[in-house]
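Comments concern the structure below.
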Amino acid sequence: MSQLLHPHKSIGVLVTRPEPGLSETLVAVQKAGWQAYASPALEISAHILPPLAKPPTALVLTSSQAIACACGMVAKNLPVFAVGTRTAQRAQAAGFTQVYSANGNAADLQALLARMVVPEQERLLLLSGAGQGVSLATQLQALGFAVTRQVAYAARPVAQIEPAIVQQLRAGSIGYSLFFSAQSAKAWVQALPPDVLPFAAQTTALVLSGATADIVRTAGWQQVHVAVQPNATALLALLGTRPP
């Protein structure tokens with residue numbers, strides 16, 4: 001894996017993603033030789049939704065956060081179209097037997113559906129978080145798909161950053177901060193005490209998208225690197241293995 005152009009002496013890496021995904025990222029960071037610090041920016045709670053009166057013929061997942069809700073709504077043999085590899089893997093682990101991955105973002109997911117599914121024959125159930133998936137649903141409808149979008153989970157910003165994390169930031173023990181979405185980056189920055197923000201902004205931010213990069217740059221970060229693909233593997237490749 002590649003190494004950043006501006007290495008820090010501090011070996012601490014802040015991981016701000018919630019579960020699912022937080023634990024596996026912490027393990028990956030530790031295996032790469034860094035000291036991982038968990039500081040999830042969002043609290044996730046799955047919604048319990050009743051099955052639709054007219055069952056869908058395929059399920060569309062823009063996030064693995066929606067899988068818990070999906071398990072109570074649809075049959076496990078329903079075709080599942082997932083935005084990325086990890087979402088697809090988690091859907092398979094939950095028992096879904098026909099899972100296809102777009103290996104990218106919402107645009108890739110739309111392209112996958114356009115290639116594999118005949119609009120006139122399918123009724124899509126799109127599960128997403130509040131405020132998410134709206135554009136994708138609209139674009140799929142424009143292609144002729146019958147789409148039902150449901151809010152499958154709530155993502156609430158954390159009220160405050162744990163004191164232990166604040167202490168590590170003040171001490172300069174954290175060199176890198178990982179941000180997995182614009183929503184989580186904004187939430188994490190807002191939960192941070194204002195007088196601690198300058199310490200956090202001295203870390204190098206590793207992010208999944210340009211929108212996320214804009215948020216952390218606006219908050220004061222000078223060193224910001226965007227992953228070449230919008231997934232955790234590409235983000236961790238930016239971090240690389242800690243040199244001896």
Side-chain angles (χ1 to χ4, degrees), residues 1-45 63-65 84 86 90 155-209 211-244:
M1 290 188 287
S2 62
Q3 191 61 40
L4 290 171
L5 298 177
H6 304 279
H8 291 266
K9 292 182 180 179
S10 303
I11 67 170
V13 177
L14 190 74
V15 182
T16 62
R17 73 187 309 192
E19 297 287 10
L22 173 61
S23 296
E24 67 183 37
T25 303
L26 294 173
V27 171
V29 169
Q30 292 283 158
K31 285 185 176 179
W34 304 93
Q35 176 64 52
Y37 292 95
S39 184
L42 302 171
E43 296 176 344
I44 306 296
S45 58
S63 169
S64 59
Q65 306 288 1
R86 290 303 294 133
R90 291 183 183 122
R156 291 182 293 273
V158 294
Q160 63 180 14
I161 304 301
E162 291 291 333
I165 297 297
V166 170
Q167 181 180 358
Q168 296 297 332
L169 287 167
R170 288 186 184 278
S173 301
I174 296 175
Y176 301 93
S177 300
L178 309 187
F179 294 105
F180 289 77
S181 71
Q183 181 186 20
S184 61
K186 182 178 180 180
W188 193 86
V189 169
Q190 289 179 340
L192 194 68
D195 64 316
V196 183
L197 180 57
F199 295 96
Q202 290 175 14
T203 68
T204 294
L206 309 182
V207 305
L208 280 188
S209 69
T212 308
D214 290 342
I215 288 174
V216 296
R217 287 194 180 104
T218 299
W221 269 260
Q222 298 297 313
Q223 295 297 331
V224 182
H225 298 261
V226 182
V228 295
Q229 293 182 336
N231 57 59
T233 299
L235 192 66
L236 291 172
L238 277 180
L239 180 66
T241 301
R242 186 171 71 88

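Arg217 CZ to Gln223 CD: the interatomic distance, rounded to the nearest 0.5 Å, is 9.5 Å. Atom-to-atom distance recorded for Ser39:OG and Leu14:CG is 5.0 Å, nearest 0.5 angstrom. Note that the CG atom of Leu169 and the OG atom of Ser10 stand 10.0 Å from one another [nearest 0.5 Å]. The OH atom of Tyr37 sits 13.5 Å away from atom CG of Leu178, with the distance rounded to the nearest 0.5 Å. Taking CD of Gln167 as the start and CD1 of Ile174 as the end, the distance is 10.5 Å to the nearest 0.5 Å. The line from CG of Leu235 to OG1 of Thr212 is 9.5 Å long, rounded to the nearest 0.5 Å.
Annotation: side chain of Val15 is in contact with side chain of Leu22 (closest heavy-atom distance under 4.5 Å). Two residues are said to be in side-chain contact when any heavy atoms from C-beta on lie closer than 4.5 Å; Val166 and Glu162 fail this criterion. Taking the side chain as every heavy atom from C-beta outward, Leu208 and Phe179 never approach each other to under 4.5 Å. The closest side-chain heavy-atom distance from Trp221 to Ile215 is not below 4.5 Å. Side-chain contact between Arg90 and Pro20 is present, with heavy atoms from C-beta onward closer than 4.5 Å.
His225 approaches Leu238 most closely through the heavy-atom pair O-CD1, 3.7 Å. Nearest heavy atoms, Ile44 versus Ala155: CD1-CB, 3.5 Å. Summarising the geometry of Val158 relative to Pro40, their closest heavy-atom pair is CG1-O, 3.3 Å, with the distance given to 0.1 Å. When all heavy atoms are compared, the tightest approach of Leu197 to Ala219 is CD2-O, 3.5 Å.
The closest side-chain donor-acceptor pair between Thr203 and Ser177 falls under 3.5 angstrom. Thr25 and Arg17 are linked by a side-chain donor-acceptor pair at a separation below 3.5 angstrom, with hydrogens and angles left out of the test. Between the side chains of Gln168 and Ser173, a donor-acceptor pair is found at a separation under 3.5 Å.
With sequence neighbours left out, Glu43 forms a salt bridge (charged side-chain N to carboxylate O under 4.0 Å, His left out) with no residue at all. Checked against ring pair (Phe, Tyr, Trp, His ring centres under 6.0 Å), Phe180 has no partners two or more places apart in sequence or in another chain.
Side-chain atoms of Trp34 come within 3.5 Å of backbone N or O of Gly240 as a donor-acceptor pair.
Atom CD of Glu24 sits in a crowded spot, with more than 12 heavy atoms from other residues, nucleotides or ligands closer than 6.0 Å. More than 12 heavy-atom neighbours from other residues, nucleotides or ligands sit within 6.0 angstrom of CD on Gln30.
Ion pair Asp195/Arg170 flagged as a salt bridge, since at least one NZ, NE, NH1 or NH2 atom sits closer than 4.0 Å to an Asp/Glu carboxylate oxygen.
Applying side chain to side chain contact (heavy atoms under 4.5 Å, CB included) to Leu42 and the options Gln183, Arg156, Glu19 leaves one that passes, Gln183.
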